[in-house]
Every structure is written in C-alpha cells, then in structure tokens.
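Start at 1 and go down the list; that is how both ligands and their atoms are numbered.
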Amino acid sequence: MKAPPTAETALLLQRARFLLLDFDGPVCSIFAGTPASRVANDLLGALRTEGVSIPERIKATLDPFEVLRFAHSINFAAADRTERRLREAEVAAVPTAMRTPHAADLITAWRKTGKAVAIVSNNSEAAVVAFACLHRLTLDAVVGRTSSDPSLLKPNPHLVERAVDALGAAGPDTVLVGDSPSDIVAAKESCVNAIGYANKIGKYARLVDAGADGVVEDLGTLLDALR
Ligand SMILES: [Mg+2]
C-alpha cells in the first residue's frame, strides 16, 4: 500500500486544530537507557517471586506490556501490582529517555499558533508528566495509562477519546501522530486523523496498512509544514 504524498500530510496537519502525540516514539524513546527487555524480565521475576508460574510462551518476552496482559489474565491483584511496578520502571527511565529529534520544537511551534496539543500514551501518565517536567514541555493535556486493565490501552480508542475530551476537541479537527499501528487504529476508531511516524525500518507499510492518512519518517517534515 502507498501512503498519500507528503503535501497531503502537510495539509492534514495545517488544517487540524488539535494535535495528539503518542509518547514513546514521537516524543522520546522512553527505554533508551533502560532496555524494555530488562523491565519485562524484572516484572516476570517479581511475579515468579510471588509464586506465579510463568508459561513458556511468555518467559522470553521483551515487551513489558505483554507481562501486564499476562498478569491481568491471572487476576486483578497481580495486574495492579505489575502495573505499579511498570509505572515505577517507566518513571525511573525518564532521566535516560532519549528525546525524539524535532519533537519539542513541533510542540512549541504548534502552540505558538494558538492551537492545543496533548500527549496520549500507553505509558503511565506519571512517566509522561515526569518527562514533560524534566524537559519543560508545555502541554495542554496529558493522557496516559492510569489503570491496570490492558484492554483500555491503544488500540482501544479509550485513551484517544479521553485526550479529545480533555482538549475540548472534535475528532475531525484533530490529528494524532503515532509510531505504532495501534495508535493509528485507536485514532481512526475515534474519528481522529492519523499520521504515522515511521521511525524504524519496516514500520512505513505497517502504519499505512493500519489506516494512516499519511506517514512521515522524520518529525522535521511536520515541523516544516507548520512554518
Ligand atoms: Mg509509540
């Protein structure tokens, strides 16, 4: 599948009144200094210490969210404990997170035009707020994970709809920038336009296939569109 040309992506951004940014990818790489695989392993270790038998299929996972989904499949208490540990790991990872090139400038340029921007993330709200404070990012809203129920995370539209509400926005006036097919699906289900950020090889086609209205490989492209 072929994405619409960049000129159309630029127009999509210019016409929008509200901007939603996914966090891990478009704003930073949260686990740049603390590998996600280590966090996943630590979460599994904590469950094992509590007497939980870890199934073979999950023992080698590199994805902390897969551990959260597994914990939720055991019971609510295990999910709550795992979510809390994941939240603590995310907040602890903030000082070593790597900022995405042009992200801060994009947020500043967007707000300079008098328009509102929010971050909408499957990461904990606490980690997003900590990152924004550390890097002095001014945002109009932050919507992140506040529950241990993984089914409420993107691709479920729940978080995107919360962000749209928080900004007093309407779906068609809003554009989301995300680096995962789940971001694109959540946006489209919320009637929000979606621009994929293909920051790794192989992502471009997956973002288009998920329904992205446009895909960029560099946030500088979006920054240029605002200038
Ligand atoms: Mg992401």
Checking side-chain polar atoms at under 3.5 Å, does Glu125 have a donor or acceptor matched by the opposite partner on Thr146?
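Thr146 and Glu125 do not have a side-chain donor-acceptor pair below 3.5 Å.
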Any side-chain donor paired with an acceptor under 3.5 Å for Thr61 and Glu66?
yes
Atoms of the protein (N/O/S only) found under 2.8 Å from the Mg ion (ligand 1)
Asp22 OD2, Asp24 O, Asp179 OD1
Interatomic distance, Asp213 atom CG to Lys188 atom NZ [nearest 0.5 angstrom]
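Here the rounded value is 3.5 Å.
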Report the residues that fulfil side chain to side chain donor-acceptor pair (under 3.5 Å) with [X], sequence neighbours left out, ordered by chain and then residue number.
{"X": "Asp149", "value": "Ser151"}
{"X": "Asn199", "value": "Lys203"}
{"X": "Arg69", "value": "none"}

